[in-house]
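The structure under discussion appears below in the form of structure tokens.
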Amino acid sequence: MASLSNTLSLKHGLSLWCPQSAPLKRIHMGSCSFPSRSFRRFFTVSASSFANENREFVIVGGGNAAGYAAKTFVEHGMANGKLCIVSKEAYAPYERPALTKAYLFPLDKKPARLPGFHTCVGSGGERQTPDWYKEQGIEMLHEDPVVNVDIEKQTLTTNSGKLLKYGSLIIATGCSASRFPDKIGGNLRGVHYIRDVADADSLISSLEKAKKVVVVGGGYIGMEVAAATSGWKLDTTVIFPEDHLMPRLFTPSLGQKYEKLYQDYGVKFVKGTAIKNLEAGSDGHVSGVKLENGSTIEADTVVIGIGAKPAVVPFESIGLNSTVGGIQVDGQFRTSIPGIFAIGDVAAFPLKMYNRISRVEHVDHARRSAQHCVKSLLTAHTDTYDYLPYFYSRVFEYEGSPRKVWWQFFGDNIGETVEIGNFDPKVATFWIDSGKLKGVLLESGTAEEFQLLPKLARSQPSVDKAKLQNASSVEEALEIAHASLQVGAAA
């Protein structure tokens with residue numbers, strides 16, 4: 001579940017705003033003010049202070065970003081009695097990528113279940129169970145989404161009517177799944193979208209009875225769900241309008257290699273065609289997918305994975321980016337409204353190393369943006385967020401799978417490409433622009449090889465394209481790239 005949106009040069013500039021947190025005495029540093037550390041040592045708020053409407057810090061959203069933000073508040077001693085998380089989720093924050101990976105494993109293949117993948121286990125951290133939040137004095141408001149924000153009064157209203165007054169607000173609402181319209185069958189029984197545990201549970205319930213599954217979309221969701229359903233030994237067809245899988249990242253050659261692997265698992269592909277509508281049987285349950293060419297593919301379960309939209313409601317008035325979507329922020333995730341921040345999928349932020357505004361839908365960015373934002377809010381930390389785009393996928397990892405797939409990509413997929421390897425199991429793709437290595441993707445690498453990728457992508461060394469093309473193996477190609485990195489460091 002990931003994507004990268006980018007455009008809009010930074011030459012237009014961004015104004016920088018200073019965070020505010022009214023309840024604390026402040027010390028002044030230049031044009032910004034920050035809570036006094038010495039004052040904090042004597043300023044304690046017990047959990048009972050939540051009996052009224054005032055909260056010093058409020059996070060709206062209950063996904064990855066919220067969990068890692070909570071961790072950072074705790075690390076700075078500013079969570080107990082001060083922090084409230086309000087969310088539409090029924091559970092404490094969890095590592096959302098699991099929902100289209102191990103959560104969908106066949107029931108006899110040890111599928112992932114909560115509390116096993118609460119944040120922050122995905123990055124090797126502590127498992128933050130509901131008890132952890134209680135122990136840290138963090139107020140959790142579940143299944144009660146925010147429906148209104150009053151910027152002047154600094155208040156939030158939840159769906160249940162609860163009124164929350166905040167000192168500082170962090171918007172971490174993530175994205176919502178793009179849906180088919182009702183008029184073409186987007187809400188029929190047996191049609192699924194995956195964004196939370198309830199969605200995944202509903203899909204699993206269908207898979208237990210399914211015979212023919214159609215997955216719509218050839219991106220992250222499509223690839224990961226199709227890999228999972230093949231483990232259930234179900235008749236699976238993936239439909240997408242492009243010419244190959246993952247067109248926003250994969251080259252045609254790379255996409256075809258992955259398609260062949262999926263076909264070896266029994267997955268079928270229908271490419272280069274659009275869907276007219278989903279058809280229903282007499283019982284109102286989905287029965288097929290009708291294509292624009294007039295043909296119909298039978299299905300008793302349909303999974304729609306056609307992307308996601310930033311969940312900006314009800315925060316539109318805070319300032320949206322019309323180009324990449326989401327809420328516009330600066331390099332410390334501050335919005336145009338003092339004291340209001342946005343992190344994770346919903347934030348349109350300056351991608352420093354590529355000098356453009358981007359919105360990244362990926363767990364790595366959710367984690368890092370949360371930590372950077374909270375550090376900026378609570379300390380004199382003023383560094384601009386300097387993110388290196390990173391995407392990965394792991395599929396076919398259930399017990400008994402003849403081959404596990406794990407690829408990682410770092411950098412920018414622009415320029416010419418050089419592909420090395422025969423997918424047995426390794427393959428590497430290098431993106432080169434004006435003689436500089438801009439991005440690299442590696443399938444089935446060793447831990448040491450994967451650790452090299454971000455170094456290459458961030459340094460962008462000059463590389464000899466001809467040498468790369470003549471490499472006899474992935475290992476040799478990586479050695480050539482590594483040598484270019486060393487030459488650049490010595491220059």
Side-chain angles (χ1 to χ4, degrees), residues 19 21-24 35 37 40-41 43-96 114-123 125-146 149 154-160 162-174 196-197 333 339-344 346 366-379:
S21 182
L24 292 180
R37 286 185 180 278
R40 285 187 196 136
R41 285 198 292 267
F43 185 86
T44 58
V45 182
S46 68
S48 63
S49 67
F50 289 138
N52 60 43
E53 66 179 26
N54 297 300
R55 275 82 177 166
E56 188 170 347
F57 306 108
V58 174
I59 300 172
V60 178
N64 278 89
Y68 282 81
K71 174 179 181 286
T72 312
F73 273 106
V74 169
E75 290 171 346
H76 286 80
M78 292 297 287
N80 194 344
K82 299 177 178 67
L83 177 61
C84 171
I85 298 177
V86 55
S87 168
K88 67 179 182 180
E89 294 274 358
Y91 303 92
Y94 52 88
E95 304 282 0
R96 200 176 300 276
L114 289 174
F117 58 97
H118 280 298
T119 57
C120 296
V121 297
S123 61
E126 182 180 0
R127 181 179 291 107
Q128 297 170 189
T129 64
D131 285 342
W132 181 88
Y133 290 90
K134 291 178 184 177
E135 292 165 2
Q136 302 300 333
I138 300 172
E139 182 185 27
M140 303 293 291
L141 302 179
H142 293 295
E143 298 182 280
D144 197 10
V146 170
V149 56
Q154 290 184 252
T155 59
L156 303 169
T157 305
T158 70
N159 189 60
S160 70
K162 185 182 292 293
L163 187 69
L164 307 174
K165 188 169 180 64
Y166 61 85
S168 295
L169 171 65
I170 299 177
I171 303 166
T173 46
D196 57 31
V197 169
F333 297 96
I340 300 182
F341 304 75
I343 58 177
V346 78
R367 294 166 180 163
R368 294 178 185 271
S369 64
Q371 293 166 332
H372 191 96
C373 172
V374 175
K375 287 178 184 177
S376 298
L377 169 61
L378 297 179
T379 73

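Residues: numbered from 1 along the sequence shown. Bear in mind the structure is a predicted one, so any value in this text is a computation, not a measurement.
Not a single donor-acceptor pair under 3.5 Å links the side chain of His118 to the backbone N or O of Glu95. Between the side chain of Asp144 and the backbone N or O of Ser160, at least one donor-acceptor pair lies under 3.5 Å. Distance alone, capped at 3.5 Å, places no donor-acceptor pair between the Gln154 side chain and the Lys165 backbone.
Rounding to the nearest 0.5 angstrom, the gap separating the NZ atom in Lys162 from the SG atom in Cys84 is 8.5 Å. Rounded to the nearest 0.5 Å, atoms CZ (Arg127) and SG (Cys120) are 11.0 Å apart. Residue Thr157 holds its OG1 atom at 8.0 Å from CG of Leu164, rounded to the nearest 0.5 Å. Rounding to the nearest 0.5 angstrom, the gap separating the OH atom in Tyr166 from the OG1 atom in Thr155 is 7.0 Å. For the atom pair Asp131 CG and Thr129 OG1, the distance stands at 4.5 Å (nearest 0.5 Å).
In this structure, Phe333 and Ser369 have side chains that are in contact, with non-hydrogen atoms separated by less than 4.5 Å. The closest side-chain heavy-atom distance from Lys134 to Met140 is not below 4.5 Å. Looking at Ile138 and Phe73, their side chains never come closer than 4.5 Å, going by heavy atoms from C-beta outward. Ile343 has its side chain out of reach of Val374: every pair of non-hydrogen atoms, C-beta onward, lies at least 4.5 Å apart.
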Exercise. Check the pair Val58, Val146 against side-chain contact (heavy atoms from CB on, under 4.5 Å), reporting the backbone distance first and the verdict last.
Key: CA-CA 11 Å; Val58 174; Val146 170; over 6 Å; no
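Residues satisfying the side-chain hydrogen bond (donor to acceptor under 3.5 Å, both in side chains) criterion with Ser123, sequence neighbours excluded, are Tyr68. In terms of the side-chain contact (heavy atoms from CB on, under 4.5 Å) criterion, residue partners of Ala366 (sequence neighbours excluded) are, by chain and number, Asn64, Ala65. Phe117 pairs by the ring-ring contact (aromatic ring centres under 6.0 Å, His included) definition with Tyr94, Tyr103, not counting sequence neighbours. Every residue two or more places apart in sequence or in another chain was checked for a side-chain hydrogen bond (donor to acceptor under 3.5 Å, both in side chains) with Tyr91, and none qualifies. A search for side-chain hydrogen bond (donor to acceptor under 3.5 Å, both in side chains) contacts involving Thr72 returns nothing, not counting sequence neighbours.
Within the structure, the salt bridge (charged side-chain N to carboxylate O under 4.0 Å, His left out) test picks out the following pairs touching residues 64-75 (sequence neighbours left out): Lys71-Glu75.
The minimum heavy-atom distance linking Val121 with Gly116 is given by the pair CG2-O, 3.8 Å. Across every non-hydrogen atom of Glu139 and Leu141, the tightest pair is OE2-CD2, 3.9 Å. Across every non-hydrogen atom of Tyr133 and Gly67, the tightest pair is OH-CA, 3.8 Å. When every heavy atom of Ala79 is checked against every heavy atom of Val74, the shortest pair comes out as CB-CG2, 3.6 Å. Across all their heavy atoms, Arg96 and Gly63 have their closest contact at NH2-CA, 3.4 Å. Scanning both residues, Lys88 and Pro145, for their nearest heavy atoms gives CB-CB, 3.8 Å.
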